[in-house]
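Report on one structure; see the data block that follows.
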Amino acid sequence: MNKSEARARILELRDVLNENSRRYYVDNAPTMSDYDYDQLMHELERLEEQFPEFKSPDSPTVRVGSDLETQGAGENAEPSVRREFVQRPHRYPMLSLANTYSIREVEEFAARAEKTVPAGFSYCCELKFDGTAICLTYKDGKLLRALTRGDGVTGDDVTENALRISNIPHTLTGDYPPEFEIRGEILMPYDAFDALNRERAENEDPPFANPRNAASGSLKLLDPDEVAHRGLMCILYHIPAQSGLDFVSHYDALRAAAAWGLPVSDEMRVVHGIDGIKAYIDHWDSQRRFLPFATDGIVIKINEMAYQRALGYTAKVPRWAVAYKFKAEQALTPVLSIDYQVGRTGAVTPVANLQPVQLSGTVVKRATLVNADQMEALDLHEGDWVYVEKGGEIIPKITGVELSRRASGASKPVFPEVCPDCGTPLVRAADEAKWFCPNSDGCPMQIKGKMLHFAGRKAMNILIGEATVDQFYNLGLAKTPADFYDLGMSQLLLLEGWKEKSARRFLSSLEATKAVPFERVLFALGIRFVGETTAREIARHFGDIGTLASATKEQLLEVPDVGEVIADSVAGWFKDPRHLAEVERLKADGLQFSVEKPAENLSGALEGRTFVVSGTFSISREGMKELIVLHGGKVSGSVSGKTSFLLAGENPGPEKIKKCAALGVPVLSEEAFRALLPDSGPAVHANQEDIEPTLF
């Protein structure tokens with residue numbers, strides 16, 4: 001490879017790795033496996049060593065992957081996490097680990113240690129937990145702060161959410177230091193992960209691919225109560241050697257932390273030499289499948305604190321530790337048949353029924369094929385033997401077909417042209433990957449799905465499940481959510497399986513829905529593309545269901561984060577007389593279809609102007625948005641040609657800055673913004689052209 005070719009490949013690798021790092025850390029929706037990512041990273045490291053003239057301080061080989069949201073959350077991120085947290089500096093850099101899939105490279109690490117470190121040292125071997133990193137600071141025995149890894153130098157402050165994770169102590173016990181920090185991982189156990197994905201499936205939200213993505217997304221939710229509901233746990237594994245605490249070894253430090261009441265793994269072991277390391281790896285390569293949470297490898301650390309301090313760090317990783325990563329498990333099994341499932345929105349999803357096969361500690365019988373395009377990409381034929389993988393991907397995924405085992409004359413499965421539930425011809429928009437059944441109000445699976453969605457915990461929180469909805473539907477007792485409110489005690493007690501206690505609980509939960517705010521009622525109606533966040537924005541913008549129902553598409557587009565697709569969906573939903581009749585029935589049942597009147601504006605200084613807010617300010621970002629609204633302005637979530645200004649605090653999103661430059665949108669500092677308000681100076685500018693923007 002000549003210099004020109006090397007430079008081109010280096011730039012290509014950096015782009016690919018940076019993009020996938022963003023998808024992994026920020027979006028929690030990676031599109032590349034850990035193994036493939038690591039292999040590309042190693043290729044980049046080799047090229048930069050071979051051609052040092054192309055090294056760069058911005059290369060992913062020397063920068064820690066960042067979870068800071070100033071990079072911008074992607075389309076697959078949960079809407080309720082799309083905000084930037086206050087960012088604070090780490091006392092000590094929070095770096096990543098060098099990793100390998102090769103025992104030979106672990107042997108080389110041990111050989112280097114034996115040449116560098118005086119005789120008699122030991123290793124501490126630990127499980128490598130597959131979650132999201134956290135740094136906790138305790139002062140006077142109380143949790144002071146919790147920061148994410150961020151970019152290694154600065155992290156997002158998630159203290160309020162960390163306080164809702166059940167095994168993170170608010171107050172320590174025993175003989176703890178006056179102030180210290182300890183690092184570890186936030187995990188989502190398998191049971192909590194399965195429950196979360198079942199809930200997401202009921203709401204037709206995309207499932208999380210694995211517990212790591214779910215844990216990372218959950219840690220940055222807007223609502224701390226929802227964080228508590230997600231069932232997260234914490235395991236701590238590192239007190240920085242440079243923190244000055246008087247511990248001889250890493251193992252001693254963590255055992256002391258456990259005595260203070262902190263959650264520390266019981267599975268760490270002190271070993272001597274490469275044979276001890278290999279024995280630990282061999283043990284957990286088989287036993288990890290019986291753990292209640294995900295692990296993806298083993299971490300080997302030089303145990304003595306003095307040697308850790310002496311060996312120090314590179315720009316990205318400690319020299320005294322290495323991670324050995326397990327390879328993802330695969331199984332080969334035949335496809336027995338394919339089902340086509342119809343969801344609440346009418347989306348038709350193909351699911352492969354497999355000959356049961358043991359994989360990563362569980363029996364796999366089914367695997368989603370996602371959509372017709374994915375089936376085509378796999379070149380799947382009837383009766384094919386397929387490779388199924390879990391590893392980090394807890395949801396079984398078909399990764400390929402074993403062509404050598406394909407039966408002679410096997411044909412491709414034919415994706416249905418009509419709905420498998422109601423027989424209506426399927427439709428597919430030009431920009432959609434999925435086929436849909438358009439019979440939204442007559443297809444039994446969609447009807448039952450909508451009732452389940454309405455009853456869901458994030459919607460009306462009615463105490464019924466799928467079996468009860470099936471029972472009501474099959475007996476003709478409920479075809480729409482409004483029918484729930486027509487059911488009474490005497491009627492319920494005649495049904496199979498119903499007792500007085502369960503009937504009272506159901507009826508009490510129905511009564512409680514009358515206090516549910518309008519934004520959740522709007523979400524519960526199940527309008528396509530209207531999630532929790534969008535429902536909240538729409539409800540607050542229009543104030544009541546009557547105003548919303550009569551809104552034009554143009555008026556809907558004035559709502560922050562509402563685009564063409566959502567506006568068309570909402571306007572179309574309210575044109576259907578069946579939907580309007582349903583709303584009237586629910587209003588008669590006592591549900592809330594208006595919001596409390598907002599506080600009167602302080603002024604009209606920002607009337608007619610739309611702001612996008614990015615970065616951190618002297619007050620919270622939500623407070624800054626409220627200030628804009630109180631002075632007559634509007635807030636949008638994304639920069640467009642309709643944006644009047646980008647209000648940029650510290651560390652604004654670079655993509656938003658670039659888009660402003662491309663569209664000619666002025667960028668204001670907080671100081672310049674406050675000068676627009678009547679109590680901030682002698683005058684308020686009347687025209688946008690009169691404002692001197694602060695450019696970045």
Side-chain angles (χ1 to χ4, degrees), residues 24-25 28 30 33-38 65 96-103 105-106 109 123-134 149 165 167 182-194 196-197 208-219 230-238 250-251 254 258 262-271 276-301 317 321-331 358-362 364 389-397:
Y24 183 89
Y25 288 105
N28 302 307
S33 71
D34 287 359
Y35 180 80
D36 290 340
Y37 181 90
D38 291 337
S96 53
L97 281 172
N99 60 63
T100 180
Y101 294 84
S102 165
I103 286 291
E105 291 183 1
V106 174
F109 167 80
Y123 299 100
C124 188
C125 293
E126 307 167 9
L127 294 171
K128 184 176 184 298
F129 305 105
D130 196 13
T132 187
I134 194 75
R149 185 198 306 277
I165 296 173
N167 73 331
I182 185 166
R183 295 166 175 183
E185 207 88 353
I186 302 298
L187 306 172
M188 180 172 285
Y190 292 139
D191 286 349
F193 174 76
D194 291 340
L196 174 61
N197 268 349
F208 283 107
N210 55 52
R212 184 266 158 201
N213 296 351
S216 182
S218 299
L219 185 61
R230 291 286 176 96
L232 298 174
M233 64 178 291
C234 177
I235 297 181
L236 300 168
Y237 50 65
H238 180 58
H250 169 78
Y251 182 86
L254 290 186
L262 290 162
V264 172
S265 173
D266 292 329
E267 309 301 345
M268 59 181 179
R269 297 289 183 270
V270 175
V271 304
I277 294 173
K278 287 181 178 178
Y280 190 85
I281 289 174
D282 290 344
H283 172 77
W284 284 111
D285 197 10
S286 61
Q287 294 302 305
R288 64 192 170 104
R289 66 194 63 187
F290 302 111
L291 291 168
F293 46 74
T295 60
D296 60 353
I298 298 299
V299 179
I300 304 110
K301 301 174 182 175
V317 300
V322 68
Y324 173 81
K325 298 184 76 171
F326 299 124
K327 290 184 175 65
E329 286 191 74
Q330 267 192 346
Q358 187 81 13
L359 187 62
S360 297
T362 60
V364 174
E389 185 174 301
K390 284 174 76 177
E393 305 293 324
I394 298 303
I395 296 174
K397 179 172 66 174

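Along the sequence shown, residues are numbered consecutively beginning with 1.
- Ring geometry, Tyr123 versus Phe109: the interplanar angle falls from 30° to 60°, so the pair is classed tilted.
- The side-chain heavy atoms of Phe129 and Ile186, taken from C-beta on, include no pair separated by under 4.5 Å.
- Between Leu127 and Arg288, the closest side-chain pair of non-hydrogen atoms is not below 4.5 Å.
- When atom types are taken as modelled, the side chain of Asn99 and the backbone of Ala323 share no donor-acceptor pair closer than 3.5 angstrom.
- Met268 places none of its side-chain heavy atoms less than 4.5 Å from the side chain of Lys301.
- Applying the salt bridge (charged side-chain N to carboxylate O under 4.0 Å, His left out) criterion to Asp191, with sequence neighbours excluded, gives no partner residue.
- Taking 4.5 Å as the limit, every side-chain heavy atom of Arg212 sits out of range of all side-chain heavy atoms of Phe193.
- Within the 4.5 Å cutoff, no side-chain heavy atoms of Ile298 are placed close to those of Ile277.
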Original post:
Do Arg183 and Arg149 pass the side-chain contact (heavy atoms from CB on, under 4.5 Å) test, and can you show the C-alpha distance, the side-chain angles, and the key distance before you say yes or no?
Top reply: CA-CA 9 Å; Arg183 295 166 175 183; Arg149 185 198 306 277; over 6 Å; no
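- Put simply, the side chain of Pro263 reaches to within 4.5 Å of the side chain of Leu236, judged on heavy atoms.
- Residues Trp284 and Leu291 form a side-chain contact, since some pair of their non-hydrogen atoms from C-beta on lies under 4.5 Å apart.
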Original post:
Would Lys128 and Asp296 satisfy salt bridge (charged side-chain N to carboxylate O under 4.0 Å, His left out), going step by step from the backbone distance to the final call?
Top reply: CA-CA 6 Å; Lys128 184 176 184 298; Asp296 60 353; 3.4 Å; yes
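- Taking 4.5 Å as the limit, every side-chain heavy atom of Asp130 sits out of range of all side-chain heavy atoms of Phe293.
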